[in-house]
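Since the structure is predicted, the reported quantities are computational estimates derived from the model, not experimental observations. Note that ligands are numbered from 1 as they come in the structure, with each ligand's atoms numbered from 1 the same way. All heavy atoms count here, side chains included; hydrogens, waters and symmetry mates do not.
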Amino acid sequence: MKDFQQIFGKAPEAQASAPGRVNLLGEHTDYNDGFVLPTAIPQRTTVHLGMSKDGQHHFYSEDLDEQVSILDGNDTPSGFSSYIYGCIQLLEQEGYTIPKINLHVSSSVPIGSGLSSSAALEVATLRGVRSLLNLPLDDVRIAQIAQQAEIQYAGVQCGIMDQMASSLADAEHMLFLDTRTLELRVIPFPTGTEIVVMDSGVPRTLAGSGYNQRRAECEEAARLLGVKALRDITDPQAVEALPEPLRRRARHVVSEDNRVLEVLEGVSAERFGELMNASHASLRDDYEVSVPALDTLVAMLQETKEVFGARLTGAGFGGACVALVAAGEARAIANDVLERYNSADFLGKILVPQVS
Ligand code: ADP
Ligand code: MG
């Protein structure tokens, strides 16, 4: 572990951090202009920054033990530096003059586990530059620039949920987001609950192609239904005339949007758990983005005492599960389920609560 001083030979002039996130409800709805319900996780990405005096940007990641220096006129860098460089380039396109900087990244957000270490890196970087240069950027603008950095510079076609969650959510609340209008609402967790997040140990290998196929199916379903996006359908009956598999794909999106909207009315822990369980069944049967390992892990969570509900979270095809559990029980439940899951020959991991 090398800190800013050890890498750059002087003390940092600014620092900032941003959390990872997990989505509790509203999966595969964001690219349908729909509703999502993420929360921040306790793990954060921290950046330390200072001015660079040699005419180059220098970015160092403690987690990768990798340093990248950027000369003007070079192509966009690849790897982790593309996220940081993208943020800086977009700030310049907004009209800000950004000097060359030294930037040190360290993070407790697991990288590549679906908890959005990429958004945490972007939002921490933008907050750090805002603080270093006193830029008048609000948190929504930061999320929008972060999303564009990921799309245009890291080459990832992402929605706005991850960056909005990292920029605006905290770990004590859920953040309702309308991805079309960007209307936001901070909502308390159901009384007496906390969350468990577990990695299934199955890599999201098919996630890219499966994701693109689902997106295309949703666009086609919306076209056949004569709406701009599936978000515009509120009556689940409206999708019944679609040809398969579009009928089931659209049924997932419409029912999932309705589940998120129900939470806005204020629901008990039990009802929230039922909505999560229904979301998993819908993702498994209608949207077909689960895999046997995720179904096994979710079932083990669901059948555990003091678990209100559980579902896969993220795009699916592997990755993580989230559960809503009784407050104070997360650690014990996660340990118990992990032991049972891994004795069934899986390689799961606990992601939240944080394992120190
Ligand atoms: P997720 O966002 O789910 O963790 P992604 O594939 O979207 O997974 O983003 C992971 C990428 O983000 C990494 O490969 C790396 O390029 C970058 N990244 C995230 N956190 C860090 C970090 N702490 N140090 C360096 N790079 C990071
Ligand atoms: Mg990401």
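- Within ligand 1, counting atoms from 1 as listed, the ones closer than 4.0 Å to a heavy atom of Leu64 are 25 (C), 26 (N).
- The nearest protein atom to atom 9 (O) of ligand 1, hydrogens excluded, is given as Ser118 CB, 3.4 Å; this is a heavy-atom distance.
- Between Thr45 and ligand 1, not a single N/O pair is under 3.5 Å apart.
- Each of the atoms 23 (N) of ligand 1 lies under 4.0 Å from some heavy atom of Ser107.
- Of the candidates Arg214, Arg249, Arg251, Asp286 forms a salt bridge (charged side-chain N to carboxylate O under 4.0 Å, His left out) with just one, namely Arg251.
- What you find for Met1 and Glu62 is that their closest heavy atoms are SD-OE1, 3.2 Å.
- In terms of N/O distances under 3.5 Å, ligand 1 is approached by Gly112.
- Aromatic ring pairs are classed by plane angle as parallel below 30°, tilted from 30° to 60° and perpendicular above 60°; the pair Phe4 and His48 is tilted.
- In plain terms, the two heavy atoms of Pro190 and Ser268 that are nearest each other are CB-C, 4.1 Å.
- Inside a sphere of radius 2.8 Å centred on the Mg ion (ligand 2), the protein N/O/S atoms present are Ser118 OG.
- In this structure, Arg271 does not pair ionically with Glu265, as no charged nitrogen and carboxylate oxygen lie closer than 4.0 Å.
- Between Ile70 and Pro77, the closest heavy-atom pair is CD1-CG, 3.6 Å.
- Of the charged side-chain nitrogens involved, at least one lies within less than 4.0 Å of a carboxylate oxygen, so that Arg21 and Asp162 count as a salt-bridged pair.
- Glu240 has a carboxylate O that lies under 4.0 Å from a charged side-chain N of Arg247, or vice versa, which qualifies the two as a salt bridge.
- In this structure, Arg127 contributes its side chain and Ser17 its backbone to a donor-acceptor pair below 3.5 Å.
- Among Val68, Val105, Ile111, Thr46, the residue whose heavy atom lies closest to atom 14 (O) of ligand 1 is Ile111.
- Close N/O approach between Ser106 and ligand 1 is not found [any backbone or side-chain N/O within under 3.5 Å].
- The nearest protein heavy atom to atom 6 (O) of ligand 1 is not closer than 4.0 Å.
- Annotation for ligand 1: atoms under 4.0 Å from non-hydrogen atoms of Asp63 are 22 (C), 23 (N), 24 (N).
- In summary, Arg259 and Glu262 do not engage in a salt bridge, as defined by a charged side-chain N under 4.0 Å from a carboxylate O.
- Both the backbone and the side chain of Ser117 come within 4.0 Å of ligand 1, counting heavy atoms alone.
- The shortest heavy-atom contact between Leu312 and His280 is N-ND1, 3.1 Å.
- Remark: side-chain polar atoms of Glu13 are not paired, donor with acceptor, to backbone N or O of Leu49 under 3.5 angstrom.
- Remark: ligand 1 atoms within the under-4.0 Å shell around heavy atoms of Gly114 are 3 (O).
- Heavy atoms only, all atoms of each residue included: Asp30 and Gly159 are closest at OD2-CA, 3.7 Å.
- Among all protein heavy atoms, the one lying closest to atom 25 (C) of ligand 1 is Ser61 OG, 3.2 Å.
- Counting heavy atoms only, Tyr83 comes closest to atom 11 (C) of ligand 1 of the residues Phe59, Phe80, Tyr83.
- Of all atoms in ligand 1, listed by their number and element, those nearer than 4.0 Å to a heavy atom of Leu115 are 3 (O).
- Residue Leu121 approaches ligand 1 through these ligand atoms, each under 4.0 Å from one of its heavy atoms: 18 (N), 27 (C).
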